[in-house]
Protein chains: 2
Amino acid sequence: MPGEKGPADKGPAEKDARRRDATATRAAILASARSAFIASGYEGAGVREIAEGAGVTAMLINRYFGSKEGLFAEVLSTANQRPIIATPETLSAPDRAARISKALLKVTEPEATALDGFLIMLRSISNERAVEIARAVVESHHQKNVTEALSGPDAAERAALLMSLVAGVQIMRQVVGLDALGRDRDAQLERLLGDLVARLVNE
Amino acid sequence: MPGEKGPADKGPAEKDARRRDATATRAAILASARSAFIASGYEGAGVREIAEGAGVTAMLINRYFGSKEGLFAEVLSTANQRPIIATPETLSAPDRAARISKALLKVTEPEATALDGFLIMLRSISNERAVEIARAVVESHHQKNVTEALSGPDAAERAALLMSLVAGVQIMRQVVGLDALGRDRDAQLERLLGDLVARLVNE
DNA sequence: GTCTATAAGCCGATAGAC
DNA sequence: GTCTATCGGCTTATAGAC
């Protein structure tokens, strides 16, 4: 029947089964946006490019997320839901400093992806609005989680410095690729970093 | 003499005295570019905006620097000529860790400008070419200088971690503006940071 | 040495058809 | 639910006049 639209329209509309699924489309856009923001940051990634990666047109991004800004906020929020390095598990272990420094080196290897939430933020600090969005996410998630996990005085300041150290190592090792932070130095780095982390996580 | 050009050409060309001075124009473009890259990074700053700040047209940027990329390379290089925090002076003092942590907090206050060379780099990591240029500058200047200033084993790795810490603190304190790294926490931060820095700069 | 004018293309966002 | 077509504005870079 010509007047009927949507998935009920079988027959010639095989690909519509996926194309007309709002939930799936939304998820596809989010996934594509995440990759694009990781690779190029907020300013570097374009809505057309993101849409193409999701197999849709750019217009749908505004339809589902209001704007590129709204899309960025949702990507950043979901990518920073839970702690990666200073997790409740690593923080409660007796050898937590060693565990954390080891985890930090692992997730900042050139091809690692676990710390994507942070990486998106770091690659987006050229844009003022993106920084504001990132600030809200970090304060409400990571700062809060890590502070609560640390006991002793100045927990908030120690948590903030731990995040700073993580951000700095990620930039210099994963993004910039300093020789002295290469994988072939992991042995020395693990020892040095463990020392630093111990100062922050041990009361 | 009719054949002579430049400032010697007085008379009706009052404003030409400045406008037709290639050296001054070059310097004006560099200064304007530096401000723009600090505020918006490589991708965020436009050549028109930079040219306007120098009182010239965008075309001259390509004339003097070949391209926006060439301009960026020159700005980044001049802005990172000499060390700011880990200077020969601070590193040779007996209480170097305390001095360095104090200096770091000072140059990462919200309105501070001393660490601009680093800030330009951090705001530009969304662009691949900008990162390559920044990497070359950091390796050839800061990594080299700081490593030479540190004695003892693993000097290169300790230097790289010190730069990572500086970069991380600058991002979280000056760019993101985390509450826990605010100026009202300077007393605690100075103590905590001093501890960390001591682990890196003391053999 | 510096200008105006313009090429060629990408940006985010929107109107309206189906 | 998704499309095409398009708007207005931005981008870097270049050609040619003076």
Side-chain angles (χ1 to χ4, degrees), chain A residues 1-9 12-29 32-33 36-37 40-73 124 126-130, chain B residues 2-9 12-29 32-33 36-37 40-52 54-73 124 126-130:
Chain A
M1 200 188 273
E4 193 156 328
K5 0 168 210 183
D9 221 4
E14 200 175 47
K15 61 182 177 179
D16 276 10
R18 193 205 130 227
R19 275 177 59 206
R20 300 275 176 124
D21 179 347
T23 311
T25 300
R26 233 188 98 97
I29 292 173
S32 173
F37 286 139
S40 315
Y42 179 78
E43 302 215 270
V47 291
R48 279 173 175 79
E49 168 197 353
I50 293 170
E52 190 182 0
V56 299
T57 63
M59 185 250 136
L60 287 192
I61 288 179
N62 289 327
R63 177 150 174 72
Y64 282 115
F65 302 94
S67 65
K68 182 189 184 181
E69 215 173 85
L71 173 61
F72 181 76
S124 301
S126 64
N127 186 275
E128 212 171 308
R129 275 297 290 137
Chain B
E4 195 156 328
K5 1 170 208 182
D9 222 4
E14 200 174 48
K15 61 181 179 180
D16 277 10
R18 192 204 131 231
R19 276 177 58 206
R20 299 277 176 123
D21 180 346
T23 313
T25 300
R26 233 189 99 95
I29 292 174
S32 173
F37 286 139
S40 315
Y42 179 79
E43 302 216 271
V47 291
R48 278 174 177 75
E49 168 196 354
I50 292 169
E52 190 182 359
V56 298
T57 62
M59 187 248 137
L60 288 192
I61 287 179
N62 289 327
R63 176 150 175 72
Y64 283 114
F65 302 95
S67 66
K68 182 189 183 180
E69 215 174 85
L71 173 61
F72 181 76
S124 302
S126 64
N127 185 277
E128 211 172 308
R129 274 296 290 138

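Residue numbers begin at 1 in each chain, while the letters A, B, ... track the order of the sequences. Just so you know, these numbers use all the heavy atoms, side chains as well, and skip hydrogens, waters and symmetry mates.
Residue pairs meeting the side-chain hydrogen bond (donor to acceptor under 3.5 Å, both in side chains) criterion with at least one partner in residues 55-73 of chain B, sequence neighbours excluded, are B/E69-B/R129.
Each of A/A45 and B/M59 was assigned the nucleotide of DNA chain C with the nearest heavy atom; the assignment lying further toward the 5' end belongs to B/M59.
Atom CD in A/E43 sits roughly 14 Å away from atom C1' in C/dC10 (whole-Å rounding). Look at OH on A/Y42: it is 13 Å from P on C/dC11, rounded to the nearest Å. For B/E49 and D/dC10, the CD to C1' distance is 12 Å, given to the nearest whole Å. B/L60 places its CG atom 16 Å from the P atom of C/dA5, with the value rounded to the nearest Å. Counting to the nearest Å, the P atom of C/dC10 and the CD1 atom of A/I50 are 16 Å from each other. Atom pair A/Y64:OH and C/dA13:P shows a separation of 17 Å (rounding to whole Å applied). Taking atom CD1 on A/I61 and atom C1' on C/dC11, their separation rounds to 12 Å, with Å as the unit. As rounded to whole Å, 16 Å separates atom C1' of C/dG12 from atom CZ of A/F72.
Applying the side chain to side chain contact (heavy atoms under 4.5 Å, CB included) rule to B/A33 yields the partners B/F37, B/I50, B/L71, B/V75; only residues at least two apart in sequence or on another chain are considered. In this structure A/S124 satisfies the side chain to side chain donor-acceptor pair (under 3.5 Å) test with no other residue, sequence neighbours excluded. Remark: A/A51 pairs with A/V56, A/A58, A/I61 by the side chain to side chain contact (heavy atoms under 4.5 Å, CB included) rule, at least two apart or across chains. Judged as a side chain to side chain contact (heavy atoms under 4.5 Å, CB included), and not counting sequence neighbours, B/E52 has no contacts.
In the set D/dT4, C/dG12, C/dA13, the nucleotide with an atom closest to the side chain of A/S67 is C/dA13. Here the side chain of B/N62 is nearest to one of D/dG1, C/dG1, D/dT14, namely D/dT14.
In terms of modelled atom types and a separation under 3.5 Å, the side chain of B/T25 and the main chain of B/D21 share a donor-acceptor contact.
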With 3.5 Å as the limit, what N/O pairs link the protein to nucleotides 7-9 of chain D?
none

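The line from CD of A/E43 to OH of B/Y42 is 13.0 Å long, rounded to the nearest 0.5 Å.
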